[in-house]
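Atoms within a ligand are numbered from 1 in the order they appear, just like the ligands themselves. Note that the structure is a prediction, hence the values are computed from the model and not measured.
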Amino acid sequence: MKNREDTMHIRLINPNTTASMTAKIGVAGARVAAAGTQVSATNPDAGPVSIESHFDEAVSALGVLDEIRRGEREGTDGGERVDAYVIACFGDPGLLAARELTTAPVIGIAEAAFHLATLISTRFSVVTTLGRTCIIAEHLLQNYGFAHHCRKVRAAEIPVLDLEDDGACALGRIIDECRRAKTEDGIGAIVLGCGGMADLTDEIREAVGLPIVEGVTAAVKLAESLVSLRLGTSKHGDLAFPRAKTFTGRFDYLGS
Ligand code: 5HY
């Protein structure tokens, strides 16, 4: 593990396969990274172009694991070692399984945003894309122990890929929903519920007038803190490397 004086390399993984969204996530992460922090962004070759359901989530999780394995191989094949990973989808797909595959910290953007929101407000709301994905965020809030901090998970009712289409006025709908949250939820901050919103934080903050917590940038800063503190994923207990075993059929490449 590198000490705080050296550079560090943070790999952002967009679990969907839309390259333009991956590029946008990379730019947003690099913009807040400290001097000396290299940020790279990838997405799986195979999987859903956007994640908007439990099914999409389940399939995308394997893509995330493939990207972690790729990052780990790069480090051993003489490439740039990855010091921390960020899963840049608001469902944090495959988070715990990903942590089993590396000693580096692995941070989900939902978990990161929840942590930071509770440091600056006693109550926050989440504004995500489609209504049907709200339950995914609600399950994460319960799972991570933040449910009592979150007043409401709201949806702007926009398909994820509208965020890639300037003509779709996704920003206007997100701002409207944030304004409703501000007046109705009794909150002090808003968490943006999609990695594809990573470039919208400033515009939304100006339009709504509340602290806006965005997951990709939150995760990059938390990753830097963990690496600087020489804190990696514990290999003692449930996040130890998976036991070697055979995988059959199309998953035989996962065997060891
Ligand atoms: C995300 N989907 O962050 C989630 C957002 C959502 O493709 N990237 C996606 O709506 O759950």
*Of all the non-hydrogen atoms in the protein, which one sits nearest to atom 5 (C) of ligand 1, and at what distance?*
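Ranked first by proximity to atom 5 (C) of ligand 1 is C194 SG, 3.5 Å.
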*Closest approach of any protein heavy atom to atom 11 (O) of ligand 1, naming residue and atom*: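 That would be I51 O, 3.7 Å.
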Under 3.5 Å, side chain of [X] to main-chain N/O of [Y], donor-acceptor pair present?
{"X": "E80", "Y": "E74", "answer": "no"}
{"X": "R99", "Y": "S234", "answer": "no"}
{"X": "D162", "Y": "A170", "answer": "no"}

*Give yes or no for whether the N/O distance cutoff of 3.5 Å, strictly under, is met between E52 and ligand 1.*
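In this structure, E52 places no N or O atom under 3.5 Å from an N or O of ligand 1.
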*N/O to N/O below 3.5 Å, does that happen between F90 and ligand 1?*
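So ligand 1 has an N or O lying under 3.5 Å from an N or O of F90.
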*In plain terms, say whether K152 and E184 are close enough for a salt bridge, that is, a side-chain N and a carboxylate O under 4.0 Å apart.*
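So K152 does not pair with E184 through a salt bridge.
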*Is it true that K221 and E224 make a salt bridge, defined as a side-chain N closer than 4.0 Å to a carboxylate O?*
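The answer is yes: the pair qualifies as a salt bridge.
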Numbering the atoms of ligand 1 from 1, which are under 4.0 Å from a heavy atom of [X]?
{"X": "S50", "value": "7 (O)"}
{"X": "T129", "value": "6 (C), 10 (O)"}
{"X": "G195", "value": "1 (C), 3 (O)"}

Tell me, please: is [X] in heavy-atom contact with ligand 1, that is, under 4.0 Å?
{"X": "T128", "answer": "yes"}
{"X": "G193", "answer": "yes"}
{"X": "L130", "answer": "no"}

*Might you confirm whether atom CZ of F55 has over 12 heavy atoms from other residues, nucleotides or ligands at distances under 6.0 Å?*
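No, the 6.0 Å shell around CZ holds no more than 12 heavy atoms from other groups.
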*Between D176 and R173, is a salt bridge (Lys or Arg N to Asp or Glu O under 4.0 Å) present by the stated rule, with each step listed?*
CA-CA 5 Å; D176 292 348; R173 295 182 70 118; over 6 Å; no
